[in-house]
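Keep in mind that this is a model prediction, so the values were computed, not measured. In the text below, chain A, chain B and the rest are named by the order of the sequence lines, each starting its count at 1.
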Protein chains: 2
Amino acid sequence: MDVQFAVAKVSKYASRESGDTLEMIERPHGGISLVLADGQRSGKSAKAISNVVARKAIQLLAEGVRDGAAARAAHDYLYTYRGGKVSSTLNILSADSRSKTFVISRNNDAPVIIYTQEKGLYLLDEPSRSVGVHQVTKPVITEFPIEVGTIIVVYTDGLRHAGSLSGSHNYDPVSGLEQMIADNEVSPRVIADTLLADALALDNGRPRDDISVLVASVMPESNDGARRLDVHLPLS
Amino acid sequence: MDVQFAVAKVSKYASRESGDTLEMIERPHGGISLVLADGQRSGKSAKAISNVVARKAIQLLAEGVRDGAAARAAHDYLYTYRGGKVSSTLNILSADSRSKTFVISRNNDAPVIIYTQEKGLYLLDEPSRSVGVHQVTKPVITEFPIEVGTIIVVYTDGLRHAGSLSGSHNYDPVSGLEQMIADNEVSPRVIADTLLADALALDNGRPRDDISVLVASVMPESNDGARRLDVHLPLS
């Protein structure tokens, strides 16, 4: 199998810096984890918050700490460091090559969208709250086997709030993904870019909030067994 | 400008695990750093070494420590932790969006290949040694402006040792890149994959060592200003 991930990430319009932070780390027992945090408010102060939360989580994941414990520690750290006054969402998406499972950790009101060949499309939407503001906050953890055809979409709430201020309606990423699955689209890059582009269109290309979309898609075996990483970093 | 990075990474033939570690981290003042470490020997023991070195470096870079200090600290840590008995190469390639410069840190006998529109093709090949075995080891640091058309190739020594045991000759990544530049190839993905494929061909598809290739290429402005990340993780 070839587990593929794609991330697309934009800042709020006219904001130099996104308040979202996305980091990736190799898991010491095999596999990788992607951590996505969305700090309260936007711009520089939000960035400082999401950066601290994501950094604490990946630092622990890199040392072999399990996902749930890393998420709790990131909460405890932010809560202590900022006196319970600022919040951040935190999602961890891990592909563990030892257990051959995905592990999804949510500290985020926004759901995670899953598609599997067996179960079809469904949401991970158990009530879940951000880290940093309540004394005890734990993540909602979901684990299931890595199987060809599975698609996972994780996003920060800028995606579903797109369009909310321009009037008519909010963007609905679930129906966006449903349409692509009906069209047999499985490329995580195409899925992430389409969800982002559709949301941006509702805001006339001027997003009202930072938007980050993370998509995983499991393909059949790769040709040469190489690991690959591609990064695009726009500089103004 | 759009700074693009591509990594391709394979394990030694019949080895489950690559002894090379590649990690990426966001720089707190803007930009990203990619860290590539190649641990002594191969397989599990090499992985444990390169993992410790890369993890220490990115942990410090994530906290805003400058590249040279992070490389020295990674050395000190490995030297202390393993009593000077094991070595690892360490390269850090950073795109700093505040200074608009690339910062390249080498603790590696293997050179780094650079192409700029002004200077053409040249090597960073000042004598440089691996971290972990000598009491005092410092990185060779090179910094220059990020400009459209610049290409940077960083690799672990498996790339240039490809072919060395099959007889005739070693792989020469410099002439490989020279050819691609003559053909106006600027895609970092194509460059990384071509260098890897050519080296693998010399070893008849059975690499004698772990091979990692990291390529950066600076393109004109991107369309939508989005940051993008793509990962392919083969699972056996």
Side-chain angles (χ1 to χ4, degrees), chain A residues 1-11 16-18 21-26 28 30-32 34 47-48 51-52 54-55 58-59 62-63 95 97 100 146 188-189 192-193 196-197 200 205 211-214 216 218-219 221-236, chain B residues 1-11 16-18 21-26 28 30-32 34 47-48 51 54-55 58-59 62-63 95-97 100 146 188-189 192-193 196-197 200 205 211-214 216 218-219 221-236:
Chain A
M1 288 185 292
D2 194 33
V3 187
Q4 302 187 2
F5 300 87
V7 179
K9 193 163 173 287
V10 294
S11 308
R16 268 188 81 79
E17 196 147 32
S18 170
T21 296
L22 182 283
E23 296 284 8
M24 187 185 76
I25 195 88
E26 205 172 299
I32 63 170
L34 290 105
K47 183 68 191 178
N51 185 272
V52 152
R55 206 172 66 202
I58 61 156
Q59 185 186 322
E63 289 169 359
S97 53
K100 302 271 195 300
I146 298 176
R189 170 50 50 214
D193 283 352
L196 179 64
L200 285 176
I211 304 180
S212 304
V213 187
L214 159 61
V218 186
M219 306 287 192
E221 206 148 343
S222 75
N223 295 330
D224 58 1
R227 283 194 183 200
R228 292 194 161 80
L229 169 72
D230 293 273
V231 183
H232 289 203
L233 174 75
L235 287 188
S236 51
Chain B
M1 291 184 291
D2 195 33
V3 187
Q4 302 187 0
F5 299 87
V7 179
K9 194 163 171 287
V10 294
S11 309
R16 268 188 81 80
E17 195 148 32
S18 170
T21 296
L22 183 283
E23 296 283 8
M24 187 185 75
I25 195 89
E26 206 174 298
I32 62 169
L34 289 105
K47 184 68 191 179
N51 184 271
R55 206 171 66 203
I58 61 155
Q59 185 187 322
E63 289 169 0
D96 190 301
S97 54
K100 301 272 195 299
I146 298 175
R189 169 50 51 212
D193 283 352
L196 180 64
L200 285 177
I211 303 179
S212 304
V213 187
L214 158 61
V218 187
M219 306 287 192
E221 206 148 343
S222 75
N223 296 330
D224 58 1
R227 282 194 183 200
R228 293 193 161 78
L229 169 72
D230 293 272
V231 183
H232 289 204
L233 174 75
L235 286 189
S236 51

Give me the atom names and distance for the closest heavy-atom approach of [X] to [Y].
X         : Y         : result
Gly31(B)  : Leu233(A) : CA-CD2, 4.1 Å
Ala62(A)  : Asn51(B)  : O-OD1, 4.4 Å
Ala226(A) : Pro234(B) : O-CG, 3.2 Å

Under 4.5 Å from a heavy atom of chain A, the part of [X] involved:
X         : answer
Glu221(B) : neither
Glu23(B)  : side chain
Leu214(B) : neither

Heavy-atom check, side chain of [X] versus side chain of [Y], under 4.5 Å:
X         : Y         : result
Gln59(A)  : Ile58(B)  : no
Arg189(A) : Arg228(B) : yes
Val231(A) : Val7(B)   : no
Arg55(B)  : Glu26(A)  : no
Leu229(A) : Leu22(B)  : yes

(Q) Using 0.5 Å steps for rounding, measure from the CE atom of Met1(B) to the CG atom of Leu235(A). (A) 5.5 Å
Q) If you round to the nearest 0.5 Å, how far is CZ of Arg227(B) from OG of Ser212(A)? A) 10.0 Å
Q. Which of the residues Thr21(A), Val10(A), Ile25(A) is involved in the greatest number of heavy-atom pairs with chain B at under 4.5 angstrom?
A. Ile25(A)
Q: Identify which of Val218(A), Ile146(A), Asp193(A) forms the greatest number of heavy-atom pairs closer than 4.5 Å to chain B.
A: Asp193(A)
Q: Pick whichever of Glu63(B), Glu17(B), Met219(B) has the most heavy-atom pairs under 4.5 Å with chain A.
A: Glu63(B)
